Amino acid sequence: MSTIAAFYGGKSILITGATGFLGKVLMEKLFRTSPDLKVIYILVRPKAGQTLQQRVFQILDSKLFEKVKEVCPNVHEKIRAIYADLNQNDFAISKEDMQELLSCTNIIFHCAATVRFDDTLRHAVQLNVTATRQLLLMASQMPKLEAFIHISTAYSNCNLKHIDEVIYPCPVEPKKIIDSLEWLDDAIIDEITPKLIRDWPNIYTYTKALGEMVVQQESRNLNIAIIRPSIVGATWQEPFPGWVDNINGPNGIIIATGKGFLRAIKATPMAVADVIPVDTVVNLMLAVGWYTAVHRPKSTLVYHITSGNMNPCNWHKMGVQVLATFEKIPFERPFRRPNANFTSNSFTSQYWNAVSHRAPAIIYDCYLRLTGRKPRMTKLMNRLLRTVSMLEYFINRSWEWSTYNTEMLMSELSPEDQRVFNFDVRQLNWLEYIENYVLGVKKYLLKEDMAGIPKAKQRLKRLRNIHYLFNTALFLIAWRLLIARSQMARNVWFFIM
Ligand SMILES: CCCCCCCCCCCCCCCCCCCCCCCC(=O)SCCNC(=O)CCNC(=O)[C@H](O)C(C)(C)COP(=O)(O)OP(=O)(O)OC[C@H]1O[C@@H](n2cnc3c(N)ncnc32)[C@H](O)[C@@H]1OP(=O)(O)O
Ligand SMILES: NC(=O)C1=CN([C@@H]2O[C@H](COP(=O)(O)OP(=O)(O)OC[C@H]3O[C@@H](n4cnc5c(N)ncnc54)[C@H](OP(=O)(O)O)[C@@H]3O)[C@@H](O)[C@H]2O)C=CC1
């Protein structure tokens, strides 16, 4: 019997960000391994015209939860969705709900965040810093609370090259920033943002660092742990390989490459691609929840869950395997044949952007115009290139994250717990994982049917022929122009003939 699974039995667990990528996988694993848990409270806001209940039903009815329904048929009764908006004071939680949360919660997993790189400082601070402070305040009023697990990111200190499992101070106190955002207007905030974030690459990573500082400062006598995952990718093993549900991180790039929109990227091929499967992160989270509650470490422990130091993969290897998978299982209706040119040179990258991205988009838009349709490819390409430029910082550098606490925790687990809550990334076979990842993107994100593969392969062949034809025509035109202008070219031509 797993000690960790037994620990969560009968517990009331509060999860923020349960409707997000990580949150869903966390709930799934909790229900599957501890079906006798008492209740999971989730803080949810209505979204896209859906009520809280509709959002919960949609999650429970998804493929991700198929196994859960077998082991925990009354899962609907064990989720208690509580209306909450983390952007508002007291999260706009009703008095009755707040009372229940304060008196019943045993464990908190705080996953909610804005993960957009280009969010406004005001919104990102509200969600990633102020809301964390607010939640800690709530936690301090929970008599039954055993552990508070805060999810940060391995990139919260990406301005450093070597990162230890410690909380690093930020140059400006979070409280000062929270206070000043209350009276500064948006224009001034925009102006001072670059000065505040200094050598952090974006507002997201900066506010996650501030969030960690808040955790340290407001920890009072709570049992707290911080988890820092690197780039969270599709599931490796559980509940099935390849599950993924948003376009963040590598997912959008895989789609753009598979559909033939993106064929070159400014990346350092040998830089470490520190992707970590989402189920691995969730297993560590549950193990940390147990360890923090039971062993009550004296200080706030930070756990890195990264792949680079234990089982490194680089962007080149990843790109090659992604392309190899596209050969076997191509995406439907590609714009061009998938290709992946990595270059770390800015000039070459701009050349590829002009020749491989913008020019085909312009040509395609001309074609759309000529056939009486609305041009759209240039706009789409501009947005894609903007997105790619925001990711460039992370694919042109490598970091070293120490993992002493994570390894210590692994050694504390029983063999059964090491199996059920496996976060040992050394066992990961990258080639297999990447293939399942791409397949997962096709099935769960693009919702493409495997029956469409022969047609997609045919289309790829047609695109290859068009590509050859286009290049041959281009070559002949260039050659013809050269012959018309140069005596030397004419001599070579007569010689060949
Ligand atoms: C030739 C290429 C070779 C490829 C080889 C094969 C691939 C092998 C994999 C290699 C991948 C390399 C890239 C890896 C990138 C790794 C990045 C890691 C970053 C680590 C940071 C830390 C991790 C974390 O802690 S949190 C999670 C990270 N957060 C995010 O990823 C959020 C990023 N997204 C944003 O901030 C925004 O979406 C933004 C600013 C990028 C765009 O905002 P905007 O308002 O313009 O629009 P949206 O409505 O959001 O989207 C517009 C448009 O863009 C598409 N899109 C959005 N995100 C992505 C994406 N990540 N990749 C690609 N495309 C994206 C989206 O679909 C929209 O398209 P529409 O058609 O208009 O709907
Ligand atoms: N994905 C990754 O690569 C990595 C993620 N992380 C961290 O993991 C955590 C989870 O990330 P991930 O699951 O990927 O992110 P998602 O964007 O998928 O999920 C974010 C969650 O936060 C919730 N949320 C956002 N704003 C509010 C609000 N105002 N009120 C209530 N809930 C809100 C969202 O709810 P809603 O559905 O209503 O929008 C959603 O449930 C974050 O803390 C992130 O920093 C760390 C490293 C890497």
Side-chain angles (χ1 to χ4, degrees), residues 14-28 41-52 54-56 58-59 64 81-93 108-117 119-120 122-132 134-135 149-158 163 202-212 214-215 226-235 243-253 273-282 284-285 302-307 391 394 399 401 437 445:
L14 168 61
I15 302 180
T16 70
T19 50
F21 180 44
L22 199 62
K24 285 182 205 161
V25 181
L26 173 65
M27 275 202 292
E28 194 279 337
Y41 296 112
I42 59 174
L43 301 190
V44 197
R45 53 181 175 170
K47 201 176 180 187
Q50 285 186 309
T51 63
L52 306 195
Q54 284 168 333
R55 293 194 73 187
V56 173
Q58 194 180 33
I59 294 173
L64 183 71
I82 290 188
Y83 176 94
D85 184 349
L86 271 61
N87 282 323
Q88 297 188 36
N89 278 346
D90 285 338
F91 300 160
I93 298 177
I108 298 178
F109 290 101
H110 178 35
C111 306
T114 167
V115 301
R116 288 186 71 92
F117 293 159
D119 215 335
T120 60
R122 190 188 291 287
H123 184 245
V125 167
Q126 171 59 39
L127 213 59
N128 298 349
V129 191
T130 314
T132 302
Q134 178 78 37
L135 193 65
I149 311 303
H150 173 76
I151 312 306
S152 186
T153 162
Y155 297 93
S156 56
N157 300 290
C158 58
I163 302 160
N202 55 42
I203 286 176
Y204 166 66
T205 48
Y206 174 66
T207 53
K208 290 298 277 188
L210 289 176
E212 289 185 7
V214 159
V215 170
I226 295 180
I227 295 183
R228 291 188 185 142
S230 47
I231 302 167
V232 183
T235 52
W243 185 81
V244 65
D245 90 329
N246 68 26
I247 53 140
N248 285 342
N251 312 352
I253 301 290
D274 213 301
V275 174
I276 187 85
V278 62
D279 44 340
T280 312
V281 179
V282 161
L284 176 80
M285 285 165 71
V302 178
Y303 298 84
H304 284 159
I305 180 77
T306 54
S307 56
L391 302 179
F394 301 95
W399 287 266
W401 287 279
Y437 197 147
L445 269 184

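Counting starts at 1 for both ligands and their atoms, following the listed order. Please read these numbers as outputs of a predicted model, since none were measured by experiment. Only heavy atoms go into these numbers, but all of them, side chains included; no hydrogens, no water, no symmetry mates.
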Original post:
Are N248 and F21 close enough, and set up right, to give a side chain to side chain contact (heavy atoms under 4.5 Å, CB included), and what steps lead you there?
Top reply: CA-CA 10 Å; N248 285 342; F21 180 44; over 6 Å; no
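Looking at every heavy atom in both residues, A112 comes nearest to T16 through N-OG1, 3.0 Å. Considering all non-hydrogen atoms of both residues, V244 and A234 come closest at CB-CB, 4.0 Å. In terms of heavy-atom proximity, N128 sits nearest to T114 at OD1-N, 3.0 Å. Across every non-hydrogen atom of F394 and C158, the tightest pair is CE2-SG, 4.5 Å. Nearest heavy-atom pair, Y83 versus P46, reported as atom, atom and distance to 0.1 Å: CE1-CD, 3.2 Å. Residues S156 and A209 share a closest heavy-atom pair of O-CB, 3.3 Å.
Contact atoms of ligand 2 toward A112: 22 (O), 23 (C) (distance under 4.0 Å to a heavy atom of the residue). Distances below 4.0 Å separate heavy atoms of A113 from the following atoms of ligand 2: 20 (C), 22 (O), 25 (C), 42 (C), 43 (O), 45 (O). Heavy-atom contacts of K208 reach the following atoms of ligand 2: 42 (C), 43 (O), 44 (C), 45 (O) (cutoff under 4.0 Å). For ligand 2, the atoms sitting less than 4.0 Å from at least one non-hydrogen atom of T153 are 46 (C), 47 (C), numbered in the order shown with element in parentheses. For ligand 2 and T19, the ligand atoms under 4.0 Å from any heavy atom of the residue are 34 (C), 35 (O), 36 (P), 37 (O), 38 (O), 40 (C), 41 (O). Near S152, the atoms of ligand 2 lying under 4.0 angstrom from a non-hydrogen atom of the residue are 6 (N), 7 (C), 46 (C). Remark: ligand 2 atoms within the under-4.0 Å shell around heavy atoms of C111 are 9 (C), 10 (C), 42 (C), 43 (O). Residue-ligand proximity, N246 to ligand 2, at heavy-atom distances under 4.0 Å covers atoms 18 (O).
At under 3.5 Å, not a single nitrogen or oxygen of G23, backbone or side chain, sits near a nitrogen or oxygen of ligand 2. Of the polar atoms of D85, at least one N or O is found under 3.5 Å from an N or O of ligand 2, judged by distance alone. For ligand 2, the polar-atom distance check finds an N/O of F21 within less than 3.5 Å of one of the ligand's N/O atoms. Between L43 and ligand 2, not a single N/O pair is under 3.5 Å apart. Any N or O atom pair closer than 3.5 Å counts here, and A154 shares no such pair with ligand 2. In terms of polar-atom proximity, defined here as any N/O pair under 3.5 Å, P229 makes no such contact with ligand 2.
At a 4.0 Å cut-off, at least one heavy atom of R55 sits close enough to ligand 2 to count as contact. For L127, the heavy-atom gap to ligand 2 drops under 4.0 angstrom. Under the 4.0 angstrom criterion for non-hydrogen atoms, S230 is in contact with ligand 2. For the ligand labelled ligand 2, residue G249 lies outside the 4.0 Å heavy-atom shell. Under a 4.0 angstrom heavy-atom cut-off, G233 registers as lying outside contact with ligand 2. Residue contacts with ligand 2 leave out Y155, since none of its heavy atoms falls under 4.0 Å from the ligand.
Remark: the backbone N or O of A154 is paired with a side-chain donor or acceptor of W401 at under 3.5 angstrom.
Between T306 and I276 there is no side-chain heavy-atom pair separated by less than 4.5 Å. No side-chain heavy atom of I59 sits less than 4.5 Å from a side-chain heavy atom of V56. Within the 4.5 Å cutoff, the side chain of F91 has heavy atoms near those of the L135 side chain.
Taking only non-hydrogen atoms, the option from V278, V115, N87 nearest to atom 15 (O) of ligand 2 is V115.
Of the residues R228, H110, M285, the one that meets the side-chain contact (heavy atoms from CB on, under 4.5 Å) test with I151 is M285.
Two rings, from F117 and Y155, have their centers 6.0 Å or more apart.
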